[in-house]
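Structure, as structure tokens:
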Amino acid sequence: MCGRVRLDIPFAEIAKTLNILGDAPNTRASWNIAPTHDMLVAYLHPERQYRVAENMRWGMVPRWAKEAYSKYPTHNARAEIVRTKATFRDPWREGKRCLVVTNGFYEWRERDKQPFAVARAKENLTIMAGLREIWTDKSSGEVVRSCTVITTKPNSLIEPYHDRMPVLLAEADWPKWLGETPASEAEIYDLLKPYPSEDTMLWPVSKRVGNVRNNDPSLADKIELAPEELQRLI
DNA sequence: CCAGACGTTGTT
DNA sequence: GTCTGG
DNA sequence: CCAGACGTTGTT
DNA sequence: GTCTGG
């Protein structure tokens with residue numbers, strides 16, 4: 001997927017939809033969230049056994065990392081390797097799965113760099129399958145909580161634009177992904193597939209989204225492409 | 001064995 | 001921390 | 001993904 | 001031209 005998402009509705013609404021019982025994290029609306037920024041993440045609190053929400057850095061920091069920042073991009077994890085590769089293996093094995101909460105994401109068409117917004121159709125929230133991790137600096141004790149978004153093959157709507165898309169989860173799959181209902185590893189891994197294209201929508205947006213300093217509601221607005229561009233939408 | 005990587009998307 | 005490449 | 005930078009000395 | 005930061 002791309003390196004940008006948006007989240008632009010009040011937390012109260014999110015908490016209601018996701019049935020989050022924990023405290024409200026200090027989230028503010030953003031139409032341009034990039035890697036290294038905070039993402040809103042929901043997960044099952046291991047002791048309390050209810051859903052909590054938290055801001056976590058987008059870009060997983062493995063617990064064994066010497067530094068909190070590295071040159072290796074970890075904001076996405078390919079579903080094909082997430083179970084085995086060093087960076088994601090431990091969180092996967094330990095079931096540190098989470099829901100990454102967004103209102104959608106952006107993709108750029110290569111030919112003309114035209115950005116498009118993508119979201120689940122008919123739903124306010126576009127929920128992505130994620131993993132989370134906690135990193136602690138051995139000397140200073142500094143703690144960084146971070147997350148990654150799992151990617152998979154694109155569905156037929158997105159395929160003309162990109163060869164990858166984030167794993168999106170329908171509400172019926174949330175309990176299994178969060179570990180609230182029993183499921184085998186194979187059943188859980190089976191959730192990592194393209195979201196149905198008939199439940200996905202896509203529309204062109206302003207190129208201003210390319211600059212992270214631009215961050216206002218109009219970034220997610222549908223724009224009118226010139227007739228010529230419309231014609232070669234795909 | 002030790003040193004160095006540990007990753008993604010989208011390209012050429 | 002653990003796997004991979006040399 | 002795009003926008004913006006594009007370096008050094010000295011230290012471990 | 002290519003890498004880094006957001």
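We name chains A, B, ... by the order of the sequence lines, and we start the count at 1 in each one.
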Touch class at under 4.0 angstrom, heavy-atom based, for A/Ala65 against every strand present: nothing
Donor-acceptor contacts under 3.5 Å from residues 190-199 of chain A side chains, at least two apart:
| residue | atom | partner | partner atom | Å |
| --- | --- | --- | --- | --- |
| A/Tyr195 | OH | A/Arg120 | NH1 | 3.1 |
| A/Ser197 | OG | A/Ser156 | OG | 3.0 |
| A/Asp199 | OD1 | A/Lys122 | NZ | 3.4 |

Where A/Ser30 and A/Asn215 come nearest, the two heavy atoms and their spacing: OG-ND2, 3.1 Å
Touch class at under 4.0 angstrom, heavy-atom based, for A/Thr87 against every strand present: sugar-phosphate
Row check, A/Trp135 ring normal vs A/Arg63 NZ/CZ: under 6.0 Å, within 45°: no
P atoms of B/dC1 and D/dT9, separation to the nearest Å: 40 Å
Nearest-Å distance for atom pair NZ/C1', residues A/Lys207 and D/dC2: 11 Å
Atom pair CG (A/Leu169) and CG (A/Leu178), whose distance is rounded to the nearest 0.5 Å: 8.5 Å
Heavy-atom protein contacts under 4.0 Å, nucleotides 1-6 of chain C, coded B base, S sugar-phosphate only, - none: BSS---
Sugar-phosphate only, base, or nothing, as touched by A/Ile81 at under 4.0 Å among non-hydrogen atoms: sugar-phosphate
Using a cutoff of under 3.5 Å, can you pull out all pairs of nitrogen or oxygen atoms linking the protein to nucleotides 4-8 of chain D, with atom names and distances?
| residue | atom | partner | partner atom | Å |
| --- | --- | --- | --- | --- |
| D/dG4 | OP1 | A/Arg213 | NH1 | 3.2 |
| D/dG4 | OP1 | A/Arg213 | NH2 | 2.3 |

Salt bridge flag under 4.0 Å for residues A/Lys96 and A/Asp90: no
A/Arg132 to A/Tyr43 six-membered ring, cation-pi geometry met (6.0 Å, 45°): yes
Test side chain to side chain contact (heavy atoms under 4.5 Å, CB included) applied to A/Ser139 - qualifying residues, sequence neighbours left out: A/Asp137
Touch class at under 4.0 angstrom, heavy-atom based, for A/Arg78 against every strand present: sugar-phosphate
Pairing pattern in dot-bracket form [Watson-Crick, G-U; both distances under 3.5 Å; | = partner strand] for DNA chain B: ||||||......
Nearest-angstrom distance, C1' atom, E/dT2 to B/dT12: 13 Å
B/dG7 to E/dC3 separation - C1' atoms, rounded to the nearest Å: 15 Å
Determine all donor-acceptor pairs shorter than 3.5 Å in which one atom belongs to a side chain in residues 32-42 of chain A; sequence neighbours excluded.
| residue | atom | partner | partner atom | Å |
| --- | --- | --- | --- | --- |
| A/Asn32 | OD1 | A/Arg4 | NH1 | 3.0 |
| A/Asn32 | ND2 | A/Val209 | O | 3.1 |
| A/Asn32 | ND2 | A/Asn211 | O | 3.1 |
| A/Asn32 | ND2 | A/Asn214 | O | 2.8 |
| A/His37 | ND1 | A/Ala34 | N | 3.0 |

Touch class at under 4.0 angstrom, heavy-atom based, for A/Pro62 against every strand present: nothing
A/Trp92 and A/Tyr189 aromatic ring geometry - parallel, tilted or perpendicular at 30°/60° bounds: perpendicular
Nearest-Å distance for atom pair CD/C1', residues A/Gln114 and D/dC2: 14 Å
NZ/NE/NH1/NH2 to OD/OE distance under 4.0 Å, A/Glu133 and A/Arg89: no
Nearest-angstrom distance from the residue atom CG of A/Asn215 to P of D/dA3: 15 Å
Heavy-atom pair with the smallest gap, counting every atom of A/Trp203 and A/Asp221: NE1-C, 4.0 Å
Whole angstrom value for the distance that separates P of D/dT12 from CD of A/Glu67: 16 Å
NZ or CZ of A/Arg57 within 45° of A/Tyr69 ring axis and under 6.0 Å: yes
